[in-house]
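Here's the structure we're looking at; comments come further down.
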Amino acid sequence: MRHCGAMSGHHMDPEEFRAHGHALVDWIAGYLERVEDLPVRSRVAPGAVADRLPASPPEQGEPFADMLRDVDDIVVPGLTHWQSPSFFGYFPANSSGPSVLGELLSAGLGVQGMLWSTSPAATELEMRVLDWLRQLLDLPDRFGWDGAGGAVIADSASSANLCALLAARHRAGGADPSLVVYASEHTHSSVEKAVRIAGLAADQLRLVPADAEHAMRPDQLDRLVREDQAAGRRPCMVAATVGTTSSMAVDPVPVIGQLCSRTGIWLHVDAAMAGAAAVCPELRWIHEGLQRADSYCVDAHKWLFTNFDCTAFFVADRDALTGALSVQPEYLRNAASDAGEVVDYRDWQIPLGRRFRALKLWFVLRHYGAAGLRHHIREHVALAGELADRIRRDDRFELVSSVLNLVCFRHRAGDATSAAILEQLNASGAIFLTHTRLDGRYVLRLSVGQTRTERRHVELAWRLLSAAADAMVADNRER
Ligand code: PLP
């Protein structure tokens with residue numbers, strides 16, 4: 001190694017990179033070995049991390065070892081450990097060995113895949129790997145490349161929801177104040193954000209009332225669409241959710257799809273979290289009715305062992321999407337694009353530039369194989385089901401809902417007790433879970449989906465919940 005210490009201005013040469021790279025991979029492997037023992041929720045106070053960072057950048061270059069030391073000393077204490085097997089909050093943000101290596105390779109290659117011609121492999125691998133995913137999830141043929149459809153890796157379901165809206169609006173003839181978008185009252189906040197970014201007014205989004213299971217009521221959707229049509233407005237898109245963020249509710253896509261087909265409304269299905277379950281044939285009921293969808297998205301970065309960011313976004317009519325997003329400056333013109341022979345992914349997303357995200361998904365699908373993915377998803381769903389059974393049988397708790405790998409429940413003593421249990425457990429650092437509100441009541445959410453979560457972690461979570469509930473009751477009695 002020629003430059004092992006600080007030396008201002010020099011590039012890290014391949015020899016140095018190899019040494020530091022090995023050290024970093026060792027560090028990550030060590031982190032994954034010990035993450036289970038770290039307090040899941042970070043305990044730092046606001047500003048504590050910032051206080052330990054110099055206010056100004058270094059004038060002279062610093063040794064890599066110093067950076068790695070600061071990662072341990074300053075960064076790690078300020079982390080909530082999403083890769084802890086006792087992380088049960090929000091929805092999971094999966095990562096895995098093959099995925100991290102794919103991400104590293106993407107950074108190492110450093111190619112821009114904005115056009116087919118700027119790196120043909122980036123585009124063609126992405127097209128193929130997304131078609132693998134289509135087959136793995138048994139998605140309709142209309143999302144495949146053989147017909148008018150296709151797919152792209154987006155940075156997030158939020159972006160996919162926005163792009164779906166832009167495509168729907170394009171098909172409806174472009175921006176128009178009479179356009180209306182529909183989604184259930186439990187839709188993800190990114191739909192409302194997409195409506196805003198697309199320049200629609202707040203009253204161009206209708207939040208459709210949900211039923212007792214928190215799924216969109218198709219009769220209410222039908223009523224709202226008819227009212228809007230009667231008033232001369234133009235229904236443009238329905239965003240249905242398969243697996244809502246609060247409680248994993250599944251909107252009735254078959255009936256919604258019939259309404260959309262009859263009225264010419266674009267149907268977008270947001271399956272950001274739940275879609276991954278469809279790798280298991282017995283869970284494919286979640287995709288019933290998808291044949292009528294115009295677009296669909298699922299986050300491989302939630303529950304498919306691929307680190308953020310990796311949203312698979314499928315469309316039935318790729319021309320509607322590229323029609324909405326394609327702009328042709330002279331400086332990007334090239335023979336392959338001009339001949340119309342290739343897919344240029346810049347026309348499928350908001351930014352121009354894009355990194356080689358397909359590598360990590362490719363590595364993940366090849367490492368686990370379909371059988372491996374099915375095994376882990378099944379395990380998570382089974383563990384959540386077992387926990388839901390325990391909660392159902394326990395008279396201290398009320399089971400509010402249990403769908404796939406998400407269990408929602410509350411303490412029968414009410415909102416304050418449920419909230420106190422959550423805070424006590426999260427403060428302990430032993431596990432981490434989050435909450436929502438359903439029907440006006442405070443509800444605990446426990447999502448089983450972290451890459452390395454096993455039965456023992458869910459059993460520990462139950463023991464801690466149970467003990468916290470007992471402690472609350474004893475505490476209340478003493479007061
Ligand atoms: N849609 C649903 C149903 C979600 O649950 C989430 C996140 O939890 C999103 C969209 C947003 O996901 P992303 O972070 O990929 O934008």
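For ligands, and for the atoms within them, numbers begin at 1 and follow the listed sequence. Side chains included, hydrogens not; waters and symmetry mates left out as well; all remaining heavy atoms used.
Across all non-hydrogen atoms, the minimal contact from Ala312 to Leu133 is CB-CD2, 3.5 Å.
Of the protein's non-hydrogen atoms, Asp270 OD2, 2.7 Å is the one closest to atom 1 (N) of ligand 1. Among protein heavy atoms, the minimum distance from atom 8 (O) of ligand 1 is reached at Lys302 CE, 3.2 Å. The protein heavy-atom contact nearest to atom 16 (O) of ligand 1 is Ser158 OG, 2.5 Å. In terms of protein heavy-atom proximity, atom 13 (P) of ligand 1 is closest to Ala157 N, 3.6 Å. When only non-hydrogen protein atoms are considered, atom 5 (O) of ligand 1 lies nearest to Thr245 OG1, 2.8 Å.
Of the N or O atoms in Asp299, one or more lie within a sub-3.5 Å distance of an N or O in ligand 1.
Each of the atoms 3 (C) of ligand 1 lies under 4.0 Å from some heavy atom of Gly243. Using a 4.0 Å cut-off to heavy atoms of Phe91, the atoms of ligand 1 that qualify are 5 (O), 8 (O). The His301 neighbourhood of ligand 1 comprises atoms 15 (O), with distances under 4.0 Å to a heavy atom of that residue. Taking every heavy atom of Ala272 and a limit of under 4.0 angstrom, the matching atoms of ligand 1 come to 1 (N), 2 (C), 4 (C), 10 (C).
Taking a 6.0 Å sphere around CZ of Arg412, one finds it holds more than 12 heavy atoms contributed by other residues, nucleotides or ligands. Around the CG atom of Asp146, the shell of radius 6.0 Å holds no more than 12 heavy atoms that belong to other residues, nucleotides or ligands. The number of heavy atoms from other shown groups lying within 6.0 Å of CZ (Arg455) does not exceed 12.
Between His186 and His214, the ring planes are perpendicular. Angles over 60° get that label, and only those under 30° would be called parallel. Using bins of under 30°, 30° to 60° and over 60° for the plane-to-plane angle, the ring pair Tyr345/Trp348 lands in the perpendicular bin.
Heavy atoms of Ser156 found under 4.0 angstrom from ligand 1 belong to the backbone as well as the side chain. Contacts with ligand 1 closer than 4.0 Å are made by side-chain heavy atoms of His188 only, the backbone lying farther away.
Between His435 and the options Tyr90, Phe409, Phe88, Tyr442, a ring-ring contact (aromatic ring centres under 6.0 Å, His included) holds for only Tyr442.
With 3.5 Å as the limit, one finds no donor-acceptor pair spanning the side chains of Asp309 and Ser156.
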